Trainee: 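Quick one: the structure is below, questions incoming.
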Amino acid sequence: MRSILVAMLGLAMPFSMNAQEARIKIDLDRTIGEIDKKLYGNFVEHLGRCVYGGIYDVDSPLSDERGFRLDVIEAVKGLDVTTIRYPGGNFVSNYHWKDGVGPIDERPPRMELAWSRLETNHFGTNEFMEFAREIGTEPYFAVNLGTGTIEEAQQWVEYCNVAEGPYYAELRKKHGYPEPYNIMYWSLGNEMDGFWQMGHLNAEDYAKKAREAAKLMKLTSPEIKLVAAGSSNYRPDADPNEWNATILAELRDVVDYLALHMYVGNPSDNYYNYLSTPLVLEQRTEVVEGLIAREMENANRGNRDPIYIAWDEYNSWYRARDAETMSGTRALEEHYNLEDALVIAGFLNAFVRNADIVKMANMAQLVNVIAPIFTSEDDLFLQTIYYPLQLFAKNVHGTSLDLFVDCDTYSTDPFFVGLGESVTQQDAVPYLDVSAAVSGDEVIINVVNRHKDKAITTDVISQSGDFEGKIAVYEVNGPDVKASNTFGRTEVQTEQKDAVGAKGNVLTYSFPAHSFTQLRARIK
Ligand code: AHR
C-alpha cells in the first residue's frame with residue numbers, strides 16, 4: 001500500500017496538501033447497464049409486527065378507517081418503494097391464500113408455524129393490495145411451494161389477474177374488488193434450499209414442482225414474470241452453486257429471475273470485517289451471473305430477456321436471532337446503528353455496479369421486522385438504514401457507470417459473513433466503496449468511506465468534460481459507528497451539506513470517516 005511504502009522510504013508526510021489520497025474517474029461512455037427501478041423494493045411478511053402492529057393496526061388512533069397506520073404510510077412513502085414482496089418469507093411456505101380473503105369474521109385463525117404466532121388472517125390479499133395502491137408500489141407475490149399445491153398457486157393467480165368468468169375471478173368480484181389486480185411478479189416459493197423451510201425440497205424436486213406451478217400460472221395469466229428460489233443457504237455444509245446450477249438448468253426456459261438472499265452481521269464486533277460484507281454479496285452475484293450466462297447459451301426463451309438476479313431479501317440481521325427474539329409478536333426487532341447503514345449503502349452500491357444483471361432487490365423487511373421503520377403504539381422512528389436506502393431510491397436512476405477508483409485498501413481476518421453463514425476472508429477491501437449513475441444531465445456519485453477514523457481526500461475527475469455549477473452534497477453520518485436512532489432521538493440521518501465547486505473537471509472532496517456521501521453534479 002502506498003502509505004506503507006512512503007513510511008518505509010522515510011518520507012515525512014505520506015500526502016502533501018495537494019497530493020490527494022484517492023482518485024475516482026468518471027467517464028460517461030463507460031456504462032454498465034440501466035438501473036432497474038425495482039432495485040429499490042421492500043418486503044412485507046406476516047412476521048412479528050411487520051403487518052399487525054406495523055402497517056396495519058385497526059385499534060390504533062393513528063390508523064385510517066381501513067386500519068392502515070397513517071404515520072407508517074407517510075414514512076414508507078418517503079422511501080419511494082418500487083416493489084413490495086408479500087406475504088413471505090418462511091411464512092408463505094405454509095400459507096393458504098384462501099384463508100385471507102372474504103368476510104373478516106369468517107376467516108380461520110391458524111397456527112403460524114414459521115415464527116410461532118397466531119395468524120388471524122384479518123390481513124390478506126385484498127388488504128395488501130389496498131396498502132400497495134395507497135403507497136404507489138408494485139406488488140410482488142410469493143406462492144406457497146412448501147405445503148401448497150400447484151393448483152392453489154394457479155387459483156391465486158386467477159383470483160388476482162383474471163377479469164371475470166371462472167370461479168376465483170368471480171370470487172374476487174364477490175369480495176368487493178371488481179377489477180383484476182394484474183400482478184406481474186410472482187415468486188415460486190421461498191428459500192426452498194433451506195432445511196428450515198416448511199416443505200423443503202431438494203433441487204431436482206423443487207425444480208419439478210416449480211416448473212409445473214409455472215405452467216399453470218402462466219396458462220392462467222400469460223404476461224406474468226416468474227422468480228425461481230435460488231440460493232439462500234450459505235452454511236458450510238450447503239452447496240449454493242450446485243443448487244443454483246440445477247435450478248437454472250431445469251428452469252432456464254421458464255423463469256425470468258433467480259432469487260438470492262443474504263443476511264450479514266457483526267456478531268464478533270469487528271467493524272472492518274463487517275464493512276467488507278457487501279463485497280461478498282458482489283462476489284456471489286458474479287458467480288451466479290456466470291451460471292446464468294452458461295445456461296442462456298442453450299435456453300429457448302423466444303424474444304424474452306435473459307434471466308436476471310433478484311436479491312429479493314437482503315439486510316443486516318444478527319442481534320435478534322435467538323429462540324426468544326425469533327418468535328412471537330415481537331420477532332426480529334433489530335435496532336440498527338451507523339455501521340449497519342454503511343453496510344446497506346455498500347449493498348446498494350453493489351446492486352448499482354451490477355445493474356446489468358441485478359434487476360430487482362428487496363430490503364427485508366419494511367416495518368419493525370429487521371426494518372428501516374420502527375413503531376410503538378403511538379410513535380415511530382426512522383432507523384439508520386432508512387437514510388441510505390432513501391438517497392438511492394430517490395436519486396440513483398438512469399445508467400450505471402463503470403468507474404476507475406484508486407484508494408488504499410485493507411485486508412480482513414477470516415470471519416463469519418453472518419450468523420449461520422460461511423467464513424470469508426477479504427483481501428484488498430477498498431476504503432472507498434463507490435458507484436455512480438448518469439440520469440439526464442445529472443451524475444450521481446455514491447461513496448462509502450469505510451475508514452473508521454480518517455477522512456479521505458479524493459480527486460473526483462470527470463473524463464467527459466468539466467463540472468458545471470455547484471455540486472450538491474448529502475451525507476449520512478453520526479458521532480461514531482455505534483450511533484443509532486430511537487424514539488425522540490436521531491443521531492444518524494441525512495444531512496445536506498454546503499454545495500461544493502469543482503475546478504474544471506476535478507472536484508477535490510474530503511469524504512469524512514465512517515460516512516456515506518452522495519454527490520449530485522452536472523457535467524458540461
Ligand atoms: O426476512 C426474515 C426471514 O429470512 C424470511 O422469512 C426468510 O425467507 C429468511 O430466512
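In this text, all values refer to a predicted model and were calculated from it rather than measured experimentally.
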Trainee: If you take all heavy atoms of Val396 and Ile35, which pair is closest and at what distance?
Mentor: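 Closest approach of Val396 to Ile35: O-CG2, 3.8 Å.
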Trainee: Do Ile307 and Glu295 come close enough that some side-chain heavy atom pair is under 4.5 Å?
Mentor: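 Answer no - side chains too far apart.
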Trainee: Just say parallel, tilted or perpendicular for the rings of Tyr257 and Tyr185, cut-offs at 30° and 60°.
Mentor: perpendicular
Trainee: How about Phe511 and His451: are their ring centroids closer than 6.0 Å?
Mentor: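 For Phe511 and His451, the ring centres are not under 6.0 Å apart.
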Trainee: Contact between Val447 and Ile24 at the side-chain level, heavy atoms closer than 4.5 Å - yes or no?
Mentor: yes
Trainee: Does a side chain donor of either Glu475 or Ser515 reach within less than 3.5 Å of an acceptor in the other side chain?
Mentor: no
Trainee: Can you tell if the side chain of Pro267 reaches within under 4.5 Å of the side chain of Phe416, non-hydrogen atoms only?
Mentor: no
Trainee: Which pair of non-hydrogen atoms, one from Ser231 and one from Trp243, has the smallest distance, and what is that distance?
Mentor: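 Minimum heavy-atom contact is N-CD1, 3.9 Å.
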Trainee: Kindly say whether Thr457 contributes a backbone atom to a donor-acceptor pair with the side chain of Glu21 at under 3.5 angstrom?
Mentor: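 Checked: pair present.
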Trainee: Nearest 0.5 Å, please: how far is CG in Leu279 from OG1 in Thr424?
Mentor: 8.5 Å
Trainee: Do Asn244 and Arg284 have a side chain donor and acceptor closer than 3.5 Å?
Mentor: no
Trainee: Is the backbone of Asn505 close enough, under 3.5 Å, to the side chain of Ser462 for a donor and an acceptor to pair up by distance?
Mentor: no
Trainee: Keeping Asp402 on the side-chain end and Ile32 on the backbone end, is there a donor-acceptor pair under 3.5 Å?
Mentor: no
Trainee: With respect to Met262, which candidate in Val417, Thr285, Asn315 satisfies the side-chain contact (heavy atoms from CB on, under 4.5 Å) definition?
Mentor: Val417
Trainee: Is it true that Tyr140 and Asp312 share a donor-acceptor pair across their side chains at a distance under 3.5 Å?
Mentor: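 Yes, side-chain donor-acceptor contact under 3.5 Å.
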Trainee: Counting only heavy atoms from other residues, nucleotides and ligands, does the tally under 6.0 Å from CZ of Arg30 exceed 12?
Mentor: no
Trainee: Quiz question: by atom type and distance under 3.5 Å, do the side chains of Asn485 and Gln383 form a donor-acceptor pair?
Mentor: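 Asn485 vs Gln383: no donor-acceptor pair found between side chains.
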Trainee: With distance as the sole test, does Ser187 use its side chain to make a donor-acceptor pair with the main-chain N or O of Val227 at under 3.5 Å?
Mentor: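 Answer holds: no.
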Trainee: Sub-3.5 Å donor-acceptor pair from the side chain of Thr82 to the main-chain atoms of Lys37, do we have one?
Mentor: yes
Trainee: Can you check whether Tyr86 and His46 have ring centres sitting under 6.0 Å from each other?
Mentor: yes
Trainee: Centres of the Phe392 and Phe516 rings: under 6.0 Å?
Mentor: yes
Trainee: We want to know whether Glu191 and Asn233 form a side-chain donor-acceptor pair, criterion being a heavy-atom distance below 3.5 angstrom.
Mentor: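 No pair is found: no donor N or O on one side chain lies under 3.5 Å from an acceptor on the other.
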Trainee: Look up atom CG in Leu519 and atom OH in Tyr474, then write down how far apart they are to the nearest 0.5 Å.
Mentor: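 One gets 11.0 Å once the value is rounded to the nearest 0.5 Å.
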Trainee: Looking only at side chains, do Asn349 and Ser435 share a donor and an acceptor under 3.5 Å apart?
Mentor: yes
Trainee: Rounded to the nearest 0.5 Å, what separates atom OG1 in Thr399 from atom CG in Asp356?
Mentor: 11.5 Å
Trainee: What residue among Thr458, Ile445, Val500 forms side-chain contact (heavy atoms from CB on, under 4.5 Å) with Tyr509?
Mentor: Val500
Trainee: State plainly whether the residues Lys38 and Glu138 are in salt-bridge range, i.e. N to O under 4.0 Å.
Mentor: no
Trainee: Is the NZ or CZ atom of Arg450 positioned over Tyr410's six-membered ring, under 6.0 angstrom from the centre and within 45° of the axis?
Mentor: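 No - Arg450 does not lie over the ring of Tyr410 by the 6.0 Å and 45° rule.
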Trainee: Considering all heavy atoms of both residues, which atom of Leu251 and which atom of Ala228 are nearest to each other, and what is their separation?
Mentor: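 The answer is CD1-CB, 4.0 Å.
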Trainee: Using a strict cut-off of less than 4.0 Å between a Lys/Arg side-chain nitrogen and an Asp/Glu carboxylate oxygen, indicate whether Lys524 and Glu468 qualify as a salt bridge.
Mentor: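 Answer for the salt bridge query: no.
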Trainee: Measuring from Leu79:CG to Leu366:CG, what's the distance to the nearest 0.5 Å?
Mentor: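 The CG atom of Leu366 is 7.0 Å from CG of Leu79, to the nearest 0.5 Å.
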Trainee: For Asn368 and Thr375, which I'm curious about, is there any donor-acceptor pair between the side chains at under 3.5 Å?
Mentor: yes
Trainee: Measure from the side-chain N and O atoms of Asp322 to the backbone N and O of Glu324, and report whether any donor-acceptor pair falls under 3.5 Å.
Mentor: yes
Trainee: I want to know whether Phe351 and Tyr314 have ring centres closer than 6.0 Å.
Mentor: yes
Trainee: Passes side-chain contact (heavy atoms from CB on, under 4.5 Å), Met363 versus Tyr386? Steps please.
Mentor: CA-CA 10 Å; Met363 177 184 271; Tyr386 185 96; over 6 Å; no
Trainee: Looking at Phe381, does the NZ or CZ of Arg489 lie under 6.0 angstrom from its six-membered ring centre and within 45 degrees of the ring axis?
Mentor: no
Trainee: With respect to Asn395, which candidate in Glu442, Gln518, Gln390 satisfies the side-chain hydrogen bond (donor to acceptor under 3.5 Å, both in side chains) definition?
Mentor: Gln518
Trainee: Taking all non-hydrogen atoms of both residues into account, name the closest pair between Leu258 and Ala229 and its distance.
Mentor: CD1-C, 4.5 Å
Trainee: Any sub-3.5 Å donor-acceptor pair from Glu45's side-chain atoms to Phe91's backbone N or O?
Mentor: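 Checking the backbone N and O of Phe91 against the side chain of Glu45, a donor-acceptor pair under 3.5 Å is found.
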Trainee: More than 12 heavy atoms of other residues, nucleotides or ligands under 6.0 Å from CG of Asp498: yes or no?
Mentor: no
Trainee: With rounding to the nearest 0.5 angstrom, report the CD1 to CD1 distance, Ile84 to Ile135.
Mentor: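 So the gap between those two atoms works out to 3.5 Å.
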Trainee: Where do Glu334 and Tyr318 land on the side-chain contact (heavy atoms from CB on, under 4.5 Å) test, with the steps shown first?
Mentor: CA-CA 8 Å; Glu334 195 100 359; Tyr318 68 101; 3.8 Å; yes
Trainee: Could you walk me through whether Val448 and Leu432 satisfy the side-chain contact (heavy atoms from CB on, under 4.5 Å) test, starting with their C-alpha distance in whole Å, then the side-chain angles of each, then the deciding distance to 0.1 Å, before giving a yes or no?
Mentor: CA-CA 6 Å; Val448 176; Leu432 293 186; over 6 Å; no
Trainee: Tell me the closest heavy-atom pair linking Ser276 and Gln426, and the distance in Å.
Mentor: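 Looks like OG-CG, 3.8 Å.
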Trainee: Give the C-alpha distance, both sets of side-chain angles, the deciding distance and a yes or no for side-chain contact (heavy atoms from CB on, under 4.5 Å) between Leu380 and Leu382.
Mentor: CA-CA 7 Å; Leu380 68 69; Leu382 305 179; 4.2 Å; yes
Trainee: Quick one: does Ser400's side chain have a donor or acceptor within less than 3.5 Å of a partner on Ala437's backbone?
Mentor: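 Looks like no, no N/O pair under 3.5 Å.
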Trainee: In the structure I gave you, are the side-chain heavy atoms of Gln197 and Asn90 within less than 4.5 Å of one another anywhere?
Mentor: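 They are in contact (side-chain heavy atoms under 4.5 Å apart), so the answer is yes.
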Trainee: Could you walk me through whether Arg85 and Glu313 pass salt bridge (charged side-chain N to carboxylate O under 4.0 Å, His left out), step by step?
Mentor: CA-CA 9 Å; Arg85 181 167 176 254; Glu313 286 187 34; 2.8 Å; yes
Trainee: Do Asn337 and Thr384 have side-chain N/O donor and acceptor atoms under 3.5 Å apart?
Mentor: no
Trainee: Hydrogens and angles aside, do Glu289 and Asn354 bring a side-chain donor and acceptor to less than 3.5 Å of each other?
Mentor: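 No pair is found: no donor N or O on one side chain lies under 3.5 Å from an acceptor on the other.
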Trainee: Can a side-chain donor-acceptor contact be found between Tyr274 and Asp340 if the only test is distance below 3.5 angstrom?
Mentor: yes
Trainee: What I want to find out is whether Arg301 reaches Asp256 closely enough, with some N-O distance under 4.0 Å, to be called a salt bridge.
Mentor: yes
Trainee: Sub-3.5 Å donor-acceptor pair from the side chain of Glu34 to the main-chain atoms of Ala355, do we have one?
Mentor: no
Trainee: Would you say CD of Glu74 has more than 12 non-hydrogen atoms from neighbouring residues, nucleotides or ligands within 6.0 angstrom?
Mentor: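 Open: at most 12 neighbouring heavy atoms sit under 6.0 Å from CD of Glu74.
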Trainee: Could you tell me if the side chain of Leu188 sits less than 4.5 Å from the side chain of Tyr206, heavy atoms only?
Mentor: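 The answer is yes; the side chains approach within 4.5 Å.
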Trainee: Treating Ser464 as the side-chain partner and Leu28 as the backbone partner, does any N or O pair qualify as donor plus acceptor under 3.5 Å?
Mentor: yes
Trainee: Rounded to the nearest 0.5 Å, how far apart are CD1 of Ile461 and CG of Asp27?
Mentor: 12.0 Å
